[in-house]
Protein chains: 2
Amino acid sequence: MPRRTAAVDRRAERDALDPRIPLHERVQEALRRRVEEGEFSPSSPLPAEGELAGAYDVSLGTMRRALAGLASAGLLERRQGDGTYLRRARMDGSLFRFFRHGADTDAVPGSRIVDRSVTRADEQVADALGCAVGAEVLHLRRHRLRGDVAFLVEDIWLPLPRFATLAERPLQEFANLLYPMYESECGSVVASASEELTVGAADAAEAPVLGCAEGEPVVVVERRARLHTGEVIEFRRTRGAAAGFRYRVEIR
Amino acid sequence: MPRRTAAVDRRAERDALDPRIPLHERVQEALRRRVEEGEFSPSSPLPAEGELAGAYDVSLGTMRRALAGLASAGLLERRQGDGTYLRRARMDGSLFRFFRHGADTDAVPGSRIVDRSVTRADEQVADALGCAVGAEVLHLRRHRLRGDVAFLVEDIWLPLPRFATLAERPLQEFANLLYPMYESECGSVVASASEELTVGAADAAEAPVLGCAEGEPVVVVERRARLHTGEVIEFRRTRGAAAGFRYRVEIR
DNA sequence: GAGTGGTCTAGACCACCCT
DNA sequence: GGGTGGTCTAGACCACTCA
């Protein structure tokens with residue numbers, strides 16, 4: 001006997017939202033919540049658009065519009081003839097692209113975690129992560145490498161308990177890129193980020209690592225990485241010698 | 001007698017494109033070409049969607065989809081109850097926002113043009129503007145001011161003859177923001193830009209203007225501003241003392 | 001009030017992927 | 001062949017803007 005999905009009635013979820021906003025947006029929001037609760041996975045498709053349309057009691061066109069919106073927001077991925085899937089993070093994206101330093105290569109630098117600890121958020125970290133001052137956070141310090149030579153020092157703060165599994169995991173198992181790990185280990189997909197650049201001076205501790213003298217100018221990049229919801233889940237501060245530093249941005 | 005737009009038949013433009021690509025994309029491309037040829041202006045609306053649908057002999061839904069695509073690509077702007085317009089550069093937008101320097105204000109700095117001349121493009125300018133080395137270009141040098149104090153020095157190169165009117169115009173008539181002038185005086189709408197940041201050292205000439213000592217670190221921002229077509233119409237190099245410099249980017 | 005874009009529906013047909 | 005998403009159409013009604 002063929003498996004048959006019961007025609008669940010989801011009008012209630014749809015109607016829980018402000019009726020003044022368009023129907024396709026309400027449906028989109030209802031679906032978004034299910035996505036964010038982890039109801040779907042990237043490996044098996046969501047119900048077909050027709051079935052979803054029935055469950056939410058909207059026309060196919062309206063459901064298609066809602067799904068298209070979620071797809072263009074990067075939450076879903078649709079494949080003709082196959083199905084609609086939860087989107088996995090795209091490691092090729094602009095989030096990783098525009099760090100160029102010295103040599104004219106776009107290669108992702110290597111990395112080495114030199115410290116990991118659970119600490120308490122100071123004022124700046126708490127402000128960035130939106131948690132209380134003194135809340136427990138996971139702190140990582142990494143060196144980014146070109147070949148075997150470090151040229152960037154990164155401090156990364158992650159809220160707990162969201163990232164608790166990363167506090168336990170053997171350091172050797174940390175990948176070069178962290179965002180895919182955030183997704184696979186902690187179910188947290190980075191959707192957007194903002195960065196702020198300033199120029200400071202190398203302190204005595206970092207100068208040898210960065211290959212410059214104490215007091216020489218360093219570029220400081222502070223990044224806040226966010227979920228689709230806007231919640232900040234990573235605060236990262238990267239420091240590198242200003243000489244040879246190059247940062248590129250595309251503005252639209 | 002009320003003005004009536006003749007129902008021009010534009011099926012030919014639409015059918016000039018590869019019939020294997022979807023109709024709404026072909027229509028979009030046909031419209032895009034008209035936009036790029038300057039047929040429309042930001043101050044008067046395009047024909048109504050229904051009229052366009054008739055001209056291209058497609059359904060309203062298909063035309064709506066084409067227009068929505070051009071709108072989300074940033075080429076057009078649609079206002080309910082009003083009309084569809086060519087999008088003007090958004091002076092509020094990211095193009096102008098993220099220069100923060102010292103004081104925590106987002107106010108647009110004042111400016112004073114201290115030099116204007118017609119010169120020949122050196123290698124870097126020619127490369128940026130996509131013209132020949134030695135081609136005539138218009139060069140402007142500006143000081144950007146907070147209050148009455150300069151804190152940024154800008155060199156701007158513009159291709160000729162596109163910007164010929166700016167070579168004649170009295171300097172007093174130059175506005176604080178140049179992009180609206182590019183649009184109104186030269187019919188050139190800036191649609192996108194890319195910037196590249198590096199750190200250098202103040203030379204003897206600029207140090208007094210920037211309020212720092214010779215050899216102190218300065219931030220250098222090189223910007224290429226482009227039309228919708230991608231053609232670069234401005235190359236700009238801005239220098240400012242690194243101390244107190246802050247540059248912010250939003251990444252999606 | 002006339003005209004614009006925005007929403008929503010209903011249904012036909014096509015292209016693609018699987019087994 | 002059966003099911004998926006993609007395209008396209010046709011038309012009703014609503015919300016907004018402007019004169």
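Lettering follows sequence order; numbering is per chain, from 1.
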In chain order, what residues pass the salt bridge (Lys or Arg N to Asp or Glu O under 4.0 Å) check against Arg65(B), with sequence neighbours excluded?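 Result, salt bridge (Lys or Arg N to Asp or Glu O under 4.0 Å) vs Arg65(B): none returned.
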Quick check on DNA chain C: between Gln80(A) and Glu25(A), whose nearest nucleotide comes earlier from the 5' end?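 The residue mapped nearer the 5' terminus is Glu25(A).
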Taking the nucleotide of DNA chain C with the closest heavy atom to each, which residue, Gly83(B) or Ser59(A), is nearer the 5' end?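 Nearest nucleotide further toward 5': that of Gly83(B).
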Under 4.0 Å, counting only non-hydrogen atoms across every strand here, what does Arg64(B) touch: a base, just sugar-phosphate, or nothing?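 Contact class for Arg64(B): base.
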Reading DNA chain D 5' to 3', which nucleotide is the first, and which the last, to come under 4.0 Å of any heavy atom in chain A?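 Nucleotide range with atoms under 4.0 Å of chain A: dG3(D) to dT7(D).
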Under 4.0 Å between a side-chain N/O of Thr84(B) and OP1 or OP2 of dG5(C), yes or no?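 Looking at the OP1 and OP2 atoms of dG5(C), one of them is under 4.0 Å from a side-chain N or O of Thr84(B).
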Under the side chain to side chain contact (heavy atoms under 4.5 Å, CB included) test against Val27(A), which residue among Val58(A), Leu52(A), Leu17(A) passes?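 Passing option: Val58(A).
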Should Phe235(A) and Arg223(A) count as side-chain neighbours, where that means a heavy-atom distance under 4.5 Å?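 No, too far: nothing below the 4.5 Å cut-off.
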Does the structure place the NZ or CZ of Arg14(A) under 6.0 Å from the centre of the six-membered ring of Tyr56(A), at an angle of no more than 45° from the ring's axis?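 No, Arg14(A) and Tyr56(A) do not form such a contact.
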To the nearest Å, give me how far apart CZ (Arg78(B)) and C1' (dG3(C)) are.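 From Arg78(B) CZ to dG3(C) C1': 14 Å.
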Rounded off to whole Å, could you give me the CZ-to-C1' distance for the Arg79(B) and dG5(C) pair?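 Atom-to-atom, Arg79(B) to dG5(C), this comes out as 12 Å.
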Inter-residue atom distance Leu171(B).CG - Ile113(B).CD1, 0.5 Å rounding: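 Going from CG on Leu171(B) over to CD1 on Ile113(B), the span is 5.5 Å.
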Do the side chains of Arg78(A) and Glu49(A) get close enough for a salt bridge, i.e. N-O under 4.0 angstrom?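 Result for this pair is yes, salt bridge flagged.
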